[in-house]
Amino acid sequence: MVREPKLYIVPLGGLGEIGKNMMVVRYGENILVIDSGLMFPEEDLLGIDMVIPDITYLLENKNIVRGIVLTHGHEDHIGALPYVLRELNVPVYGTRLTLGILKEKLRERQMVDEAKLYCVKPRDIISIGPFKIEFIRVSHSIPDAVSLAIETPVGVIVHTGDFKLDQTPVDGEVTDFNRLAQLGEKGVLVLLSDSTNVERPGYTLSEKVVGQTFDDSFRQANERIIVATFASNVHRLQQAITTAYRYKRKVAVVGRSMVNVVNIARELGYLKVPEDILIELDEAGRLPRNQVVYLTTGSQGEPMSALTRMASRDHRQVEIMPGDTIIISATPIPGNEKLVARVIDQLFKLGANVIYEAVSGIHVSGHPSQEELKLMINLVKPKFFIPVHGEYRMLIKHARLAREMGIPESNIFVAENGQVLELSRRSGRLAGRVTAGRVLVDGLGVGDVGNIVLRDRRQLSQDGILIVVVTISKESGQIISGPDIVSRGFVYVRESEELMEDAKGKVKLALDKCSAKKMSEWASIKSMVRDDLSRFLYEKTRRRPMILPIIMEI
C-alpha cells in the first residue's frame, strides 16, 4: 500500500496574539516560511524593545529551509527579518514596496549586501523546492499586499495575509477576486485567513472614506494641520498630501520612520507627490500657519514619537499652538489606549483642536470584517480551514463563522503557536508540537533577557532596591566597617533614618548569628542577611525591596 503524502503546517507566531506573524509549511525535507514579523512589548515586559518569534525549529532544520515569502511590508510581518536572516540567510521573496522597506531595515544593520532578496509582482508564480507559489493582489492599509496560493504535492494552500475587500482602493488596485474564485473552482485544500476584525459585523469601510474626512477637516482648519498616522500607511499619506495640495498647503514630514517610508514610496512610485509641495521643517516654521501641514508619527502615543514630544512641549522644531488642528488618523492598538488618551488630553490642554477616531471617520481598518471573511471563504471554498492572525477569542469566532459557512467542524483547526497540523488530501489532525514562543530584544541583546531578569525588573520597579555593604576581618570574622545601606526606589533615606538604623541593627544581628554558628560560606551568610532583613522590612513597610548584600573581607 502506497503511503499518502503528508503536508505539515506549523505556526511559529501570530496565533493567540496580534503580531510576530510567522508560518511554516513543510513537505518532506523542504520548509517554506511565510512572513517573519515582530510584536511590540506589552506593559509587563519592562525595558524590552520588541518581541520576535522563537526560530529554534527552523535552526534545527536549517539545511532544509528553502526560502521566506512575504505578504506585505508591515512590522508585524517583516520586522523580525534582520534577526532571522542573521541566523538563516535564505532567499526572501516580496513585492517591490515590501522589499524597499525591508532593504532600509537591513541597510541600517549593514546586512543589505548579504541578503538574497527577489522581487515579485501579483500573478507571478515562483518555484521553491516542491512548492509553487502564486502572489495574488489584495487590498490592505499598505500598498503591494498579496495573498499566497501555494501549490504542494498534497494540495493548494491559500494564505490570505492581511487583507480587506476594498472596492474603491486609493491606488485603484482592486483585490484579484477573479483569481481567488478560479482557485476555489479548481479546489483548495486549506485556507489560512486573517482573523483580526472577526468581531466586527458587516464590511470594513473603504480607505476613500478617510479622504472625505480629511477634506472636511482641512477645509475647516484656520491654522496649522498636524496629521499623525502609521508611517507605513502610504494610502493615508497619499490622501493627506493630495488634500494639502488641494487647499494650497505645503507638507513637512516629521519622524524618522515617516521620512524613510515617504522617501521609499516616492522613489518606487507608490506615492505621487506634486512638485514643490514637500518642504523642510525649518521652512515650515517660517510660513504662515494656515499654509502648513505636518505629517508625523506618534498615532499610538509612543513615548519617543514626534507627536508625543510635541504634546509634552519637548520637540525641538514643532511647538503646538492654540488653534492648531491635530488629526490622529489611527485606532489605538490594544494596550496603547491610555498612552493615546494621555497625548490627546495634553494636546487639548495646549489649545489644539484634536480630531481622533473615537469621534470621527478619520480612520478605517485595513482588515476584513465578518461579511468579507465570509466572502473569502465562499470564493476559495477550502476543504480545511485555519484561522490565523488574531488573539485566541478571534480565532474561535472565526472558526464559528467558517462552521456557519458549511465547513465541517472536523475540518476546522484552531491552533496555537508551535502546534503541528498534519494534512493529507482526505484528512487533517493536530500532530504534536515544536519549540515556539517569544524571544525578547533589548537594545543589542537578542534573547538574553528571560523571565528571571523580567521578574527582577518588576521587583525593582515596584519596591526598589537596598544594597547592604559590610567589611569583615579575615582573621577574627569581626565587622570592621558598616553595615552601610544604600536605598534606591524603596524609601527616601533622609526621611527614614530610624528605619535605616533599625535595618543596620538587623544586619549586625544576622552577622552575629552567622558568627555564632561558625558559618563561613559567603552564600549562606548573604542568604541569612537577606532573609532576616527582608522579614524585618516587610513587617515595617509591607514592601519587599530587592536586597543585595555585599560582604568584603580584609
Passes ring-ring contact (aromatic ring centres under 6.0 Å, His included), F385 versus H398? Steps please.
-> CA-CA 10 Å; F385 179 75; H398 203 173; 4.9 Å; yes
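- Taking a 6.0 Å sphere around CD of E60, one finds it holds more than 12 heavy atoms contributed by other residues, nucleotides or ligands.
- Under the 3.5 Å distance criterion, with hydrogens and angles disregarded, a donor-acceptor pair is assigned to the side chains of R236 and H363.
- At least one donor-acceptor pair closer than 3.5 Å links the side chain of T160 to the backbone N or O of D194.
- Inter-residue side-chain proximity for S193 and L373 is flagged as met; some heavy-atom pair is nearer than 4.5 Å.
- Inspection of the E17 and N417 side chains reveals an N or O donor paired with an N or O acceptor under 3.5 Å.
- Note that CD1 of I142 and CG of L237 are 10.0 Å apart. Values are rounded to the nearest 0.5 Å.
- More than 12 heavy atoms of other shown residues, nucleotides or ligands fall within 6.0 angstrom of atom CZ in R107.
- In this structure, the separation between CD on E114 and CG on N89 is 7.5 Å, given to the nearest 0.5 Å.
- One finds no salt bridge joining R66 and E29 here, because no Lys/Arg side-chain nitrogen approaches an Asp/Glu carboxylate oxygen to under 4.0 Å.
- For T175 (side chain) and V138 (main-chain N/O), no donor-acceptor pair under 3.5 Å exists by modelled atom type.
- The closest side-chain heavy-atom distance from L148 to I136 is not below 4.5 Å.
- No donor-acceptor distance shorter than 3.5 angstrom exists from the side chain of K374 to the backbone of L401, with no hydrogens or angles considered.
- In the model, D144 has no side-chain atom that pairs as donor or acceptor with a side-chain atom of T98 under 3.5 Å.
- Under the side-chain contact (heavy atoms from CB on, under 4.5 Å) rule, V198 has a single partner from R393, H389, M394, which is M394.
- S365 and N197 make their closest contact through OG-ND2, 2.9 Å (heavy atoms, listed as atom of the first residue, atom of the second, distance).
- Here the CD1 atom belonging to I241 is positioned 4.5 Å from the CG atom belonging to L271, to the nearest 0.5 angstrom.
- Scanning both residues, R425 and P153, for their nearest heavy atoms gives NH2-O, 2.7 Å.
- Between atom SG of residue C119 and atom OH of residue Y93 there is a gap of 12.5 Å, rounded to the nearest 0.5 Å.
- Looking only at side-chain heavy atoms (C-beta outward), M22 and H77 stay at 4.5 Å or farther from each other.
- The shortest side-chain heavy-atom distance between V439 and I52 falls under the 4.5 Å cut-off.
- With a 4.5 Å cut-off on side-chain heavy atoms, E422 and Y8 count as touching.
- When all heavy atoms are compared, the tightest approach of L421 to A415 is CD1-CB, 4.1 Å.
- Taken to the nearest 0.5 Å, the OG1 atom of T435 stands 12.0 Å off from the CD1 atom of I55.
- What you find for Y270 and V234 is that their closest heavy atoms are O-CG1, 3.7 Å.
- F131 places a side-chain heavy atom less than 4.5 Å from the side chain of Y27.
- Donor-acceptor pairing under 3.5 Å is recorded for the side chains of D35 and T71.
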Could you tabulate the donor-acceptor pairs under 3.5 Å formed by side-chain atoms of residues 403-413, not counting sequence neighbours?
from, atom 1, to, atom 2, distance (Å)
N411, ND2, K383, O, 3.0

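- Residues I31 and Y57 are in side-chain contact: their nearest non-hydrogen atoms beyond the backbone lie under 4.5 Å apart.
- Side-chain atoms of Q239 and T243 include no donor-acceptor pair closer than 3.5 Å.
- Note that CG of L106 and CZ of R86 are 10.0 Å apart. Values are rounded to the nearest 0.5 Å.
- T168 and S206 are linked by a side-chain donor-acceptor pair at a separation below 3.5 angstrom, with hydrogens and angles left out of the test.
- With 3.5 Å as the limit, one finds a donor-acceptor pair spanning the side chains of S369 and T204.
- With a 6.0 Å cutoff to the six-membered ring centre and a 45° limit on the axis angle, R137 does not count as a cation-pi contact of F177.
- Under 4.0 Å is where a charged nitrogen must lie from a carboxylate oxygen, and between E87 and K62 no such pair does.
- Ring geometry for H74 versus H72: interplanar angle over 60°, hence perpendicular rather than tilted (30 to 60°).
- A donor-acceptor pair under 3.5 Å is absent between the side-chain atoms of S427 and the main chain of S424, judged by distance alone.
- Judged by distance alone, with hydrogens and angles left aside, the side-chain atoms of S195 form a donor-acceptor pair with the main-chain N or O of V388 at under 3.5 Å.
- The side-chain heavy atoms of I327 and Y356, taken from C-beta on, include no pair separated by under 4.5 Å.
- Looking only at atom types and distance, the side chain of E372 has no donor-acceptor partner in the side chain of Y203 under 3.5 Å away.
- At a threshold of 4.0 Å, the pair D76-K20 does not count as salt-bridged, since none of the basic side-chain nitrogens sits closer than that to a carboxylate oxygen.
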If you look only at distance, which donor and acceptor atoms sit under 3.5 Å apart when one is on a side chain in residues 259-266 and the other is two or more places apart or in another chain?
from, atom 1, to, atom 2, distance (Å)
N263, ND2, V259, O, 3.3

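- The backbone N or O of S329 lies less than 3.5 Å from a partner atom in the side chain of T229, making a donor-acceptor pair.
- Annotation: K132, atom NZ; neighbour count of heavy atoms from other residues, nucleotides and ligands within 6.0 Å does not exceed 12.
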